[in-house]
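Contents: one structure, followed by commentary.
Below, each value reflects all heavy atoms present in this structure, side chains not excepted, and no hydrogens, waters or symmetry copies. Within every chain, numbering begins at 1; the chains are lettered A, B, ... in the order of the sequence lines, protein sequences first and strands thereafter.
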Amino acid sequence: MNHSSTLFCSIGIFFLVGINPAVCTKAFKGCKSTAGDVGRQAGKQASHTGGKAGKELGEAVIHTDPPPLQEIRTAEDAKRSKSYSKNSESSYHYNNQEYTRFQDIPFHTTDQLLFDHAPTASEAQHLIKRGVKFIYNSSAYTHQKDSRYRIVYLIAGDVPSVKTLYDVDDLNAKRLLFFSANLINNEKIIKVSSLQEMFAKQNEILGENEIPVLVFHNNIESSLIGNFNKASNIITCNSFEVNPEAYLTSLDLLDLRAIVEAVNSSYHTQTLGEFYDSFTSSYYTHMNSYHQQNTLIYLGGGLVVGGGVYAIAYYNKKP
Amino acid sequence: MIKLFGTTLSETKKVLESRIHAGGEQVTQEDKNKIIGRIVITCLMIFLATYLFTTGKDAPAGTIVGAIVGYWIK
């Protein structure tokens with residue numbers, strides 16, 4: 001083997017370690033959370049408040065609703081049945097197949113699953129592993145899906161306040177303000193700059209028989225959790241720690257920019273059900289396109305380096 | 001738990017793919033500058049190694065390639 005081949009093999013091994021087909025496949029299909037190394041075990045969720053484990057699963061049957069309108073990306077998605085239920089203590093039904101263990105069920109990212117209780121730690125862990133970030137509470141879904149709603153966004157107009165509210169540094173605070181510009185300038189969205197103000201708005205909206213959808217950073221003290229009304233909806237990381245019975249529960253850390261973009265795409269809907277259908281779809285779509293973009297950048301960078309190596313080898317080859 | 005490879009690659013990927021996450025460890029502009037510098041230097045070293053290989057200087061070229069691979073898998 002000549003030395004040029006050795007060089008190319010070494011570089012190939014380098015890229016294989018960092019960029020392998022499995023990663024590329026995942027990127028094109030949409031990777032998991034970008035939270036990185038932050039612990040995802042639901043029992044020890046690396047939440048900003050210290051974490052609380054999910055409640056134990058009791059005797060319950062879990063159902064799905066007919067698939068709502070959402071972007072159908074592939075023929076496989078179009079054919080996929082959303083039927084999912086628990087038949088007994090040791091049997092589950094999903095997509096016209098039977099499974100004996102919850103951890104064996106091949107949930108899909110875009111599955112919209114209804115639970116009538118908070119997921120257990122192992123269930124949440126499996127769902128996160130399968131890329132499912134949001135689940136629905138069946139009781140809240142039944143009662144609230146046709147309700148009108150108002151969005152309350154916890155944000156301040158200045159960088160220092162945003163840094164405090166969202167536990168971010170200077171750079172990310174500026175970025176968050178930049179990406180939130182549309183929401184901040186949107187009259188339909190209620191902006192509050194403190195938790196106390198958010199609780200006050202929550203009560204005001206409930207008094208008008210609408211559902212408040214609260215968007216904030218989950219770093220609140222446990223003593224304040226009681227201020228959340230059971231009927232309120234929450235969009236934050238690991239929202240099951242705040243209100244496990246809310247219509248939509250998030251199981252993992254969420255991307256703030258994706259949240260902002262998804263709310264921006266969905267605030268025009270009339271009912272809570274329509275809002276969440278649009279929100280979750282937009283969130284996943286945003287994250288998918290972000291991962292695809294990253295993959296293309298990696299591949300493009302690899303091609304540039306490879307092209308440079310080839311050019312140097314070509315123009316310096318021995319006669 | 002024993003890891004087969006180190007954290008350099010995962011760390012680099014984490015910084016490159018960093019988004020806005022409330023709380024937790026933040027990726028600063030300094031981190032990003034270091035990662036970009038790391039990548040640029042690596043590319044330059046790869047080009048240098050290629051040049052040395054093609055001009056017959058295999059020993060230094062091999063040393064450079066070994067250093068690059070060793071750096072990134074640690």
TODO: Give the intermediate values and the outcome of side chain to side chain contact (heavy atoms under 4.5 Å, CB included) for residues L16(B) and Y298(A).
DONE: CA-CA 10 Å; L16(B) 288 175; Y298(A) 292 150; 4.0 Å; yes
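Screening V309(A), N316(A), V305(A) against T50(B) for a side-chain contact (heavy atoms from CB on, under 4.5 Å) leaves a single residue, V309(A).
For D169(A), the parts sitting under 4.5 Å from any heavy atom of chain B are the backbone and the side chain alike. Using a 4.5 Å cut-off between heavy atoms, T28(B) touches chain A through backbone and side chain atoms alike. Proximity to chain A (any heavy atom under 4.5 Å) is shown, for I39(B), by neither the backbone nor the side chain. When heavy atoms are compared at a cutoff of 4.5 Å, Y315(A) does not approach chain B at all.
The candidate with the highest count of non-hydrogen atom pairs below 4.5 Å against chain B, out of D170(A), N172(A), V260(A), is N172(A).
The distance from the CD atom of E30(B) to the CG atom of L171(A) is 12.0 Å, given to the nearest 0.5 Å. Here the straight-line distance linking atom CD1 of I312(A) with atom OH of Y51(B) works out to 10.0 Å at 0.5 Å rounding.
Proximity of R175(A) to R19(B): side-chain heavy atoms (C-beta onward) are nowhere separated by under 4.5 Å.
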